[in-house]
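Report on the following structure.
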2 protein chains.
Amino acid sequence: MVRVGLTPDRLTRAGAELADEVGFDHVTVSALARRFGVKVASLYSHVKNSQDLKTRIALFALEELADRAADAVAGRAGRDALIAFADTYRDYAREHPGRYDAARLRLDPETAAASAGVRHAQMTRAILRGYDLTEPDQTHAVRMLGSVFHGYVSLEMAGGFSHTAVDPQESWSWIVDSLDALLRARAAH
Amino acid sequence: MVRVGLTPDRLTRAGAELADEVGFDHVTVSALARRFGVKVASLYSHVKNSQDLKTRIALFALEELADRAADAVAGRAGRDALIAFADTYRDYAREHPGRYDAARLRLDPETAAASAGVRHAQMTRAILRGYDLTEPDQTHAVRMLGSVFHGYVSLEMAGGFSHTAVDPQESWSWIVDSLDALLRARAAH
DNA sequence: TGCAACTACCTAAAGGCTTTAGGCAAACCT
DNA sequence: AGGTTTGCCTAAAGCCTTTAGGTAGTTGCA
């Protein structure tokens, strides 16, 4: 018996890599056990069950993405911050499609409240501070930005933009530009 | 032996109902067989496999959604058409969450090309005609609208907006309004 | 109307994933 | 070194998928 050195953390990271390779919903306790050269049952000492494993991967991805976004936004404001923030999401999804899908897993309210998800919301609000919106417009705008970013990235990942000749990068820039203009137009003064 | 009268079509419709009740990714050949009081293997004479079943449900949902959207948009233009179109998506997702998820299933290119998905794109373009955009702006706008609608609906379904006091309906109206303004601002003349 | 052909549903079985229970041996602690 | 902890194991049950081959309703044609 060789003792590979499993821990919840190593399982989570390996699960994230596996997700990027085979897709988040093909991440299974069995596949992960195979990847470690270990019997399936062994993993159940480290994670509660399949759902638990997926949740851990989701939390990991949320954290990683929030870190990247924080880095990207640091020292920027207004339009520059918006672009950097938006690009972080899109780039992350292109680089780590499985992790990105994981980050979109439905978490139960308490888990979500304790997750890096709240940092995402905070960062979005921080960026919007540069646009001088009043409540409740700021909340509407938070929701709009989340919707566009998530929506675009998820449609692009699904191959929804591959049948036209128009470069997805151009559309992305056009959209982010448009949002910037929209938010400036909605400013309080 | 009683002969329930299974057909691919009945299975697809029942599958769509099942999806609304238990969620699209809990739709399984077994569950569907149970629902018809029939042995699992019997379904395999009517659908090729689990993937085939899900694809059929997806195509059905796309069709149903396209029909509703076409109805909603008929006789309207500009802002009115945009609102009606947007509301159709959101209402459909609220009324039929499982079917809505099904409609978002990744289809292989040929299947997608033969699906009602193309009607969705055509309708979006038709609505944008009211805003007088030039290419490639129109393509960018098609992608933006798709992103916002899909993104908002999917975040709302996931419960992403439930922790704030702000009414999701208000945010939705604000966003659609904003998009209308944005598109008018981008008009060619 | 009766029989042949078809077809709808069945039983059986194999393979995969999940999860729990209980066992052995490696690693740590004193 | 001895005892305890704990990491990985075997075994087994349950559910889902999918294929192969059988039986009995149903249909169509003479």
Side-chain angles (χ1 to χ4, degrees), chain A residues 1-61 97-99 101-102 105-108 111, chain B residues 1-60 98-99 101-102 105-108 111:
Chain A
M1 235 192 302
V2 196
R3 294 220 182 191
V4 190
L6 302 180
T7 64
D9 209 70
R10 286 193 64 197
L11 289 176
T12 304
R13 285 166 199 281
E17 285 164 25
L18 183 59
D20 286 336
E21 291 166 24
V22 304
F24 183 57
D25 34 46
H26 289 93
V27 170
T28 110
V29 181
S30 294
L32 203 51
R34 265 194 301 276
R35 166 169 286 234
F36 277 98
V38 141
K39 296 295 170 181
V40 196
S42 307
L43 299 210
Y44 284 83
S45 319
H46 305 282
V47 297
K48 257 214 308 290
N49 50 37
S50 186
Q51 184 56 42
D52 180 37
L53 172 64
K54 287 187 174 169
T55 302
R56 283 170 189 271
I57 297 173
L59 294 176
F60 172 76
R99 282 143 135 119
D101 272 346
L105 183 70
R106 280 167 212 191
L107 302 172
D108 57 286
T111 312
Chain B
M1 235 192 300
V2 196
R3 293 219 184 194
V4 189
L6 301 179
T7 63
D9 209 70
R10 285 193 65 197
L11 289 177
T12 303
R13 285 166 199 281
E17 285 165 25
L18 183 58
D20 286 336
E21 290 166 24
V22 303
F24 183 56
D25 35 44
H26 290 93
V27 170
T28 107
V29 181
S30 294
L32 203 51
R34 266 194 299 277
R35 166 169 287 233
F36 277 100
V38 140
K39 296 294 170 179
V40 195
S42 307
L43 299 211
Y44 284 83
S45 319
H46 304 283
V47 297
K48 257 213 308 291
N49 51 37
S50 186
Q51 185 56 43
D52 180 38
L53 172 64
K54 287 187 174 171
T55 302
R56 283 169 189 271
I57 297 173
L59 294 175
F60 172 76
R99 283 146 136 121
D101 272 346
L105 183 69
R106 280 167 211 189
L107 302 173
D108 57 285
T111 312

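Order of the sequence lines fixes the chain letters, A, B, ..., with proteins taken first and strands second; residue numbering starts at 1 for each chain. Because the structure is predicted, anything quoted here is derived from the model rather than measured.
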Test item: A:Arg56 and A:His46 side chains (from C-beta on) under 4.5 Å apart, heavy atoms: no
- prompt: Has B:Ser30 got a side-chain N or O lying under 4.0 Å from the OP1 or OP2 atom of D:dT17?
  reply: yes
message: Whole angstroms only, please: what is the CD-C1' distance between B:Gln51 and D:dT18?
response: 14 Å
message: With a 4.0 Å limit, can you tell me whether A:Ser42 has a side-chain N or O closer than that to the phosphate oxygens OP1/OP2 of D:dC9?
response: yes
- request: State the OG1-CG distance between A:Thr28 and A:Leu53, to the nearest 0.5 angstrom.
  value: 8.5 Å
query: When the distance from CG of B:Asn49 to P of C:dG15 is rounded to whole Å, what number comes out?
result: 19 Å
- line: Rounded to whole Å, the NZ-P distance (A:Lys48 to C:dT20) equals 10 Å
query: Between atom NZ in B:Lys39 and atom C1' in D:dC15, what is the gap in whole Å?
result: 14 Å
- prompt: B:Arg10 CZ to C:dA8 P: how many Å, rounded?
  reply: 13 Å
query: Would you call B:Asp101 and A:Arg106 a salt bridge, using N to O less than 4.0 angstrom?
result: yes
- request: Starting at CZ of B:Phe60, measure out to CZ of B:Arg99 and round the result to the nearest 0.5 Å.
  value: 5.0 Å
task: Check the distance between C:dT20's P and A:Leu43's CG and give it to me in whole angstrom.
output: 13 Å
- prompt: Nearest 0.5 Å, what's the CZ-NZ distance between A:Arg34 and A:Lys39?
  reply: 11.0 Å
query: A:Val4 side chain: which of D:dC8, C:dC10, C:dT19 is closest?
result: D:dC8
task: With the side chain of A:Ala41 defined as its heavy atoms from C-beta on, choose the nearest nucleotide among C:dT20, D:dC8, D:dG25.
output: C:dT20
side-chain N/O B:Arg34 vs D:dC15 OP1/OP2, d < 4.0 Å: no
statement: Computed from five pairs at either end and rounded to 10 degrees, the angle between the axes of the helix from C:dT1-D:dA30 to C:dT30-D:dA1 is 10°
task: Report the distance from atom CG of B:Leu32 to atom CG of B:Leu6, rounding to the nearest 0.5 Å.
output: 8.5 Å
- prompt: Just to confirm, is there a sub-4.0 Å distance from OP1 or OP2 of D:dT17 to any side-chain nitrogen or oxygen of B:Thr28?
  reply: yes
Below 4.0 Å: OP1/OP2 of D:dC8 and any side-chain N or O of A:His46: yes
query: Roughly how far apart are B:Ile57 CD1 and B:Leu105 CG, rounded to 0.5 Å?
result: 9.5 Å
message: I need the NZ-C1' distance between B:Lys54 and D:dC16, as an integer number of Å.
response: 11 Å
- request: Ignoring the backbone of B:Val40, work out which of C:dT18, D:dG25, D:dT18 is nearest its side chain.
  value: D:dT18
- prompt: OP1 or OP2 of C:dT18 less than 4.0 angstrom from a side-chain nitrogen or oxygen of A:Ser50, does that happen here?
  reply: yes
query: Once you round it to whole Å, what is the distance between P of D:dG22 and OH of B:Tyr44?
result: 21 Å
